[in-house]
Visitor: 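Okay, handing you the structure first.
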Amino acid sequence: MSSIGIVGAGIAGLQLGLYLRSRGISCSLYTDRSSDEIRSSRLPSTAALLGSTRARDRELGTNHWDDATFGCFHVDVRVKGLPELSSQGRIDPPALFIDMRLYLPRLLEDFEARGGRVIRSGVLPASNLARLGDAHDLVVVATGRGDLGTVFPRDYHRSPWLEPQRRLFAGLFRGIDFPQELGLLFQIVPGHGEIFESQLLTAEGPVSCLLFEAIPGGALDALTRVPCDDDPHVVESLVLDLLEANAPNVHARVDRQTFHLTRPRDCMQAAIVPTARRAYVELGEGRYAVAVGDAFATHDPVLWQGANAASRSAWALGESIVQALAAGRPLDRRFCEGVDERLWSLVGPSMEWTNAFLSPPPPHTMAIFSAASRDQRIADAFASNLDNPALQWRIFRGPEGVDAFLEGFRRAKTSRSAGAVSVAPASA
Ligand SMILES: Cc1cc2nc3c(=O)[nH]c(=O)nc-3n(C[C@H](O)[C@H](O)[C@H](O)COP(=O)(O)OP(=O)(O)OC[C@H]3O[C@@H](n4cnc5c(N)ncnc54)[C@H](O)[C@@H]3O)c2cc1C
């Protein structure tokens, strides 16, 4: 009987493992942390799961948080400047901001309950990976930004940055009134970075979540450099100052008396070098390891794509494995080359769009935000199409895409035919 070994219990490893178990394939998951250790760890991210990722959870029967009243129902994009641009688009279907310390342990328990084997052991160094090759027909590395992913050669052509373009601070707070309708505030501060405010579902219920994406050396950067754990009051007062100066709409909903960081471990700082890698390495004797999720393509979180791309690529890898096994084809080099091509075709657009967004916005990008501030349909299309990075990248990659996109709306207005405009979110 074929056996797949997966290293890493993040969204990529778990959705892949659950997918393979749903098709009756024997599967072992190597994790450096138990469910309880993940629950009590530091805030790892502030991920929003978009509609197609939630649809995959539904199909796997792991949609434990499908409450129609809680979600992210709109994206409020604001661009600081004179005048300030502002638009509010509906996300249809709604996204879900969820604490991965709530999400991942539950999926790990689901995986075990469905006959998956969980081995509580980190896999390091790379020589241990080769040993896993003896035990499994295919080894999948889903270790996120962890060191093990470096066994896959970096693709310099697909990875334009050698340094982080943003430094990150994320934290969970109480004392910010939720907006009337739950949603994301996406405040762009030209030359300095971005500020995101959302409502994140945690084990203690929904809390306010702030993510600062600071351009190194800019006005937001101080927050990414204060020692997060030393004195929460220093962090809190810096956050308030930055909100007041750059995101007044959020600052107006802060109650200074009750505003506080929920717990010291509810904040994180990071700096990510967006990196794409070749999806496979040979382990010897005809055995291979393939990379998926962040181990294959690490996105900066500025456009919310990483976890969604991880889910998308895990699902595609699962399909490829199931198809190969059903046809009696070996999981050999040819299989791996096919996986590399397929995963990049799915994840390349979100990587390229995200990488482009990290540069100063060109006039054609600003033209979309400006048009969205005047036309509700454009704001809605931008918000819903966050889940369709292939379409977004076709639009945003240059002035021609933007012109065609905006022209579609102009024509629809004059002909009253909305069908000319593609606003459909990606399918699963
Ligand atoms: C602040 C922040 C905000 C974000 N916001 C968003 C967002 O809004 N939307 C979005 O889509 N994405 C977002 N992301 C990105 C998202 O979190 C990642 O893309 C996603 O978690 C990648 O999933 P993964 O399964 O590939 O890796 P991970 O989630 O990193 O999981 C990897 C797992 O492997 C384990 N591991 C590591 N090394 C080993 C080893 N040697 N042996 C065994 N186990 C190991 C780790 O402990 C971890 O559990 C954000 C990221 C950050 C930092």
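Counting from 1, the numbers follow the sequence of the chain as shown. Note that this is a predicted model, so its numbers are computed, not measured. Indexing begins at 1, ligand by ligand and atom by atom, following the structure's order.
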Visitor: May I ask you to check if ligand 1 and I11 share an N or O to N or O distance below 3.5 Å?
Guide: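 Between I11 and ligand 1 (N or O atoms, distance only) the closest approach is under 3.5 Å.
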
Visitor: What's the shortest distance from atom 39 (C) of ligand 1 to any protein heavy atom, and which residue and atom give it?
Guide: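 The closest heavy atom on the protein side is T143 CG2, 3.4 Å.
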
Visitor: Quick test of your reading of the structure: of G306, A9, A142, A295, whose heavy atom lies closest to atom 32 (C) of ligand 1?
Guide: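 The residue whose heavy atom sits nearest atom 32 (C) of ligand 1 is A142.
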
Visitor: Would A170 count as being in polar contact with ligand 1, using the rule that some N or O on each side must be under 3.5 angstrom apart?
Guide: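 No.
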
Visitor: Taking atom 19 (O) of ligand 1 as the reference point, report whether a protein heavy atom occurs under 4.0 Å from it.
Guide: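 True for atom 19 (O) of ligand 1.
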
Visitor: Which residue and atom name correspond to the protein heavy atom nearest atom 28 (P) of ligand 1, and how close is it?
Guide: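 Residue, atom and distance for the closest contact: G144 CA, 4.0 Å.
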
Visitor: Verify whether the ring centers belonging to H364 and F405 lie closer than 6.0 Å.
Guide: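 Not close enough - the centres of the two rings lie 6.0 Å or further apart.
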
Visitor: For atom 2 (C) of ligand 1, state which one of T46, V7, D147 supplies the nearest heavy atom.
Guide: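 When every heavy atom of T46, V7, D147 is considered, T46 comes closest to atom 2 (C) of ligand 1.
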
Visitor: If you take the nearest heavy atom of each of D294, L148, L303, I38, which one is closest to atom 22 (C) of ligand 1?
Guide: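 Among D294, L148, L303, I38, the closest heavy atom to atom 22 (C) of ligand 1 comes from D294.
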
Visitor: Taking atom types as modelled and ignoring hydrogens, do the side chains of T62 and D57 form a donor-acceptor contact shorter than 3.5 angstrom?
Guide: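 Yes, D57 and T62 have a side-chain donor paired with an acceptor closer than 3.5 Å.
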
Visitor: With a 4.0 Å cut-off, would you call D221 and R167 a salt bridge?
Guide: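 The answer is yes: the pair qualifies as a salt bridge.
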
Visitor: Side chain, backbone, both or neither: which part of M100 comes within less than 4.0 Å of ligand 1 when only heavy atoms are counted?
Guide: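 It is neither part, as no heavy atom is under 4.0 Å.
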
Visitor: Any Lys/Arg nitrogen of R277 or D340 sitting under 4.0 Å from an Asp/Glu carboxylate oxygen of the other?
Guide: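 D340 and R277: not salt-bridged.
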
Visitor: Determine, using ring centers only, whether W304 and F97 are less than 6.0 Å apart.
Guide: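 F97 vs W304: aromatic centres under 6.0 Å.
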
Visitor: Strictly under 4.0 Å, does any heavy atom of H299 approach an atom of ligand 1?
Guide: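 No; H299 lies far enough from ligand 1 that no heavy-atom distance drops under 4.0 Å.
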
Visitor: Mind checking whether M268 has a heavy atom under 4.0 Å from ligand 1?
Guide: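 For ligand 1, residue contact (heavy atoms, under 4.0 Å) with M268 is present.
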
Visitor: When you measure from atom 12 (N) of ligand 1 to every protein heavy atom, which one gives the shortest distance, and what is it?
Guide: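 Its nearest protein heavy-atom neighbour is A307 N, 3.0 Å.
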
Visitor: Counting both backbone and side chain atoms, is some N or O of A12 under 3.5 Å from an N or O of ligand 1?
Guide: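 Between A12 and ligand 1 (N or O atoms, distance only) the closest approach is under 3.5 Å.
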
Visitor: Please determine, by modelled atom types, if T53 and N308 share a side-chain donor-acceptor pair under 3.5 angstrom.
Guide: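 There is such a pair between these side chains.
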
Visitor: Starting from the C-alpha separation in whole Å, work towards a yes-or-no answer on ring pair (Phe, Tyr, Trp, His ring centres under 6.0 Å) for F382 and F369.
Guide: CA-CA 9 Å; F382 173 78; F369 293 133; 5.4 Å; yes

Visitor: Within the structure, does T31 bring an N/O atom to less than 3.5 angstrom of an N/O atom in ligand 1?
Guide: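 Checking ligand 1 against T31, no N or O pair falls under 3.5 Å apart.
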
Visitor: For A309, state whether at least one heavy atom is located under 4.0 Å from any atom of ligand 1.
Guide: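 It does not; every heavy atom stays at 4.0 Å or beyond.
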
Visitor: Compute the centroid of each ring, for F259 and then for F173, and state whether the two points are separated by less than 6.0 Å.
Guide: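 Centroid distance F259-F173: below 6.0 Å, so yes.
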
Visitor: Just jot down the ligand 1 atoms closer than 4.0 angstrom to any heavy atom of G293, in number order.
Guide: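 Every atom of ligand 1 under 4.0 Å from some heavy atom of G293: 26 (O).
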
Visitor: Would you mind checking if R158 and E352 are paired as a salt bridge, meaning a charged N to carboxylate O distance below 4.0 Å?
Guide: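 No, E352 and R158 are not salt-bridged.
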
Visitor: Would you tell me whether S320 and Q323 have side-chain atoms, one donor and one acceptor, within less than 3.5 Å of each other?
Guide: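 Q323 and S320 do not have a side-chain donor-acceptor pair below 3.5 Å.
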
Visitor: Look at ligand 1 and say whether A270 reaches it with a heavy atom at a distance under 4.0 Å.
Guide: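 No; A270 lies far enough from ligand 1 that no heavy-atom distance drops under 4.0 Å.
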
Visitor: Is it the case that ligand 1 has an N or O less than 3.5 angstrom from some N or O of R33?
Guide: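 Yes, R33 has an N/O under 3.5 Å of an N/O on ligand 1.
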
Visitor: Relative to the ring of Y103, is the ring of W65 parallel (under 30°), tilted (30 to 60°) or perpendicular (over 60°)?
Guide: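 Correct class here is tilted.
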
